[in-house]
Amino acid sequence: MSLVQLTEVSRLYDAGGAPVAALDKINFQLDEGEMVAVMGASGSGKSTLLNVIGTLDRPSLGHYQLDGVPVEGLDEPALAKLRNEKLGFVFQSFQLLPRYTAVENVELPMIYRRVPPAERRALAEEALERVGLGERSRHLPTELSGGQQQRVAIARALVNRPRLLLCDEPTGALDSQTTRQVMALFESLHRGGMTILIVTHDPQIGAYAPRQVTFRDGTIVADERRS
């Protein structure tokens, strides 16, 4: 089943009066349960693709459906609701609030959904257990290693049970051993049925995904699957 469907999508920016295409008539489909690495050099269009799929940016042209919902016509409140219900985000910089404990950081997406406090806490604790950090739930980010902070960020992304996990250079700030641990976690989530899209410039990270899509100059130049 198609979870993401982009049809002839372009994202244009004004560069001194001349339009520049960060995405140029992209056709892209992501099926439920896939794990896909989107690869390419800086400026190739891969991060713009993630922002469009994540509804953080809008297509200039073309059509985008997320889980069967046409996205381009939605207003900002509807987009925010769609993001909160359908998407989870993991970024390179973790983006944890420093004065909040791990469990409080994981609770944040549920506040928007007005989940009652007791249920919120139980679900956040469950998400931290899922990523192997149940015993660290009361620690502040400064009391955690980089890999542990990223796992808190992954737990936060998972806590609303999203249909799609969007990861933007999720291991870019980690050492090689911690990178392997985080990627093993993504592989485990994928085996459990999670749909995952990872943006990376690193071929070693891309190799974890059964499907690799390569961008250059705003276009898809390769779409390969490994057995």
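This structure is a prediction, so every number in the text was calculated from the model and none was measured.
- Evaluation of the side-chain contact (heavy atoms from CB on, under 4.5 Å) rule for V69 yields L74 as partners, not counting sequence neighbours.
- Remark: the backbone N or O of S145 is paired with a side-chain donor or acceptor of Q148 at under 3.5 angstrom.
- Counting non-hydrogen atoms of other residues, nucleotides and ligands closer than 6.0 Å to CZ of R121 gives a total above 12.
- With a 4.5 Å cut-off on side-chain heavy atoms, L56 and F89 count as touching.
- Under the rule for a side-chain contact (heavy atoms from CB on, under 4.5 Å), the partners of Q177 that lie at least two apart in sequence or sit in another chain are D175, R180, Q181.
- Using a cut-off of 4.0 Å between Lys/Arg side-chain N and Asp/Glu carboxylate O, E119 and R113 are scored as not salt-bridged.
- Residue D67 holds its CG atom at 5.5 Å from CG of L3, rounded to the nearest 0.5 Å.
- Linking ILVMFWY side-chain heavy atoms closer than 4.5 Å, directly or via other members, places F91 and V159 in two distinct hydrophobic clusters.
- Closest heavy-atom contact between I196 and F186: CD1-O, 3.4 Å.
- One hydrophobic cluster, built from ILVMFWY side chains closer than 4.5 Å, holds both M35 and L165.
- For R58, the salt bridge (charged side-chain N to carboxylate O under 4.0 Å, His left out) criterion is met by E76, not counting sequence neighbours.
- Atom CZ of residue R151 and atom OG1 of residue T178 lie 8.5 Å apart, to the nearest 0.5 angstrom.
- Heavy-atom minimum distance, Q149 versus L144: NE2-O, 3.3 Å.
- Residues G88 and P162 approach most closely at N-CB, 3.5 Å, considering heavy atoms.
- Side-chain contact between R226 and Q212 is present, with heavy atoms from C-beta onward closer than 4.5 Å.
- Hydrophobic cluster of L61: the remaining members, joined at side-chain heavy-atom separations below 4.5 Å, are L12, listed by chain and number.
- Among residue pairs with one or both ends in residues 24-47, those qualifying as side-chain hydrogen bond (donor to acceptor under 3.5 Å, both in side chains) are E8-N27, Q29-D31, E32-R163, E34-R211, E34-R225; sequence neighbours excluded.
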Taking it one step at a time, do V152 and I154 satisfy side-chain contact (heavy atoms from CB on, under 4.5 Å)?
-> CA-CA 5 Å; V152 173; I154 294 169; over 6 Å; no
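- Here A124 pairs with V103, V106, E107, M110 under the side-chain contact (heavy atoms from CB on, under 4.5 Å) rule; sequence neighbours left out.
- Taken together through direct or relayed side-chain contacts under 4.5 Å among Ile, Leu, Val, Met, Phe, Trp and Tyr, I26 and M39 form parts of separate hydrophobic clusters.
- Scored by the side chain to side chain donor-acceptor pair (under 3.5 Å) test, E85 finds K81 as partners (sequence neighbours excluded).
- The side-chain contact (heavy atoms from CB on, under 4.5 Å) test applied to D75 returns P77, A78, not counting sequence neighbours.
- The side chain to side chain donor-acceptor pair (under 3.5 Å) search around H63 returns E72, not counting sequence neighbours.
- We find the CG-CG distance between L66 and L87 to be 5.5 Å, quoted to the nearest 0.5 Å.
- Between atom CG of residue L96 and atom OG1 of residue T142 there is a gap of 10.5 Å, rounded to the nearest 0.5 Å.
- G206 and A37 get closest at one heavy-atom pair: CA-CB, 3.6 Å.
- Within the structure, every pair that satisfies the side-chain hydrogen bond (donor to acceptor under 3.5 Å, both in side chains) test and touches residues 92-102, not counting sequence neighbours, is listed here: T101-E104.
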Decide yes or no on salt bridge (charged side-chain N to carboxylate O under 4.0 Å, His left out) for E126 and R161, but give the supporting numbers first.
-> CA-CA 12 Å; E126 179 185 312; R161 297 183 173 90; 3.5 Å; yes
Derivation and outcome, side-chain contact (heavy atoms from CB on, under 4.5 Å), residues T7 and Y64 = CA-CA 6 Å; T7 306; Y64 171 30; over 6 Å; no
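- Judged by distance alone, with hydrogens and angles left aside, the side-chain atoms of Q150 form a donor-acceptor pair with the main-chain N or O of P170 at under 3.5 Å.
- Distance CZ/F28 to CD1/I220: 6.5 Å, rounded to 0.5 Å.
- Here CG of L6 is found 5.5 Å from CD1 of I53. Values are rounded to the nearest 0.5 Å.
- Cluster membership for L133 and M183, using ILVMFWY side-chain heavy atoms within less than 4.5 angstrom, is shared.
- Partners of E224 under the salt bridge (charged side-chain N to carboxylate O under 4.0 Å, His left out) rule, at least two apart in sequence or in another chain, do not exist in this structure.
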From CA spacing to verdict: side-chain contact (heavy atoms from CB on, under 4.5 Å), F94, L174 | CA-CA 11 Å; F94 316 143; L174 305 177; 3.9 Å; yes
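- Minimum interatomic distance between N105 and L97 (heavy atoms only, all atoms of both residues): OD1-N, 2.7 Å.
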Carefully, step by step, assess L166 and V90 under the rule side-chain contact (heavy atoms from CB on, under 4.5 Å).
-> CA-CA 6 Å; L166 294 170; V90 180; over 6 Å; no
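- The nearest pair of heavy atoms linking L128 to A102 is CD1-C, 4.1 Å.
- With no hydrogens or angles considered, no side-chain donor-acceptor pair links R11 and T48 at under 3.5 Å.
- Residues I198 and V38 fall into different hydrophobic clusters, defined by Ile, Leu, Val, Met, Phe, Trp and Tyr side chains chained together at heavy-atom separations under 4.5 Å.
- Counting only residues at least two apart or in different chains, side-chain hydrogen bond (donor to acceptor under 3.5 Å, both in side chains) contacts with residues 182-202 comprise E169-H201.
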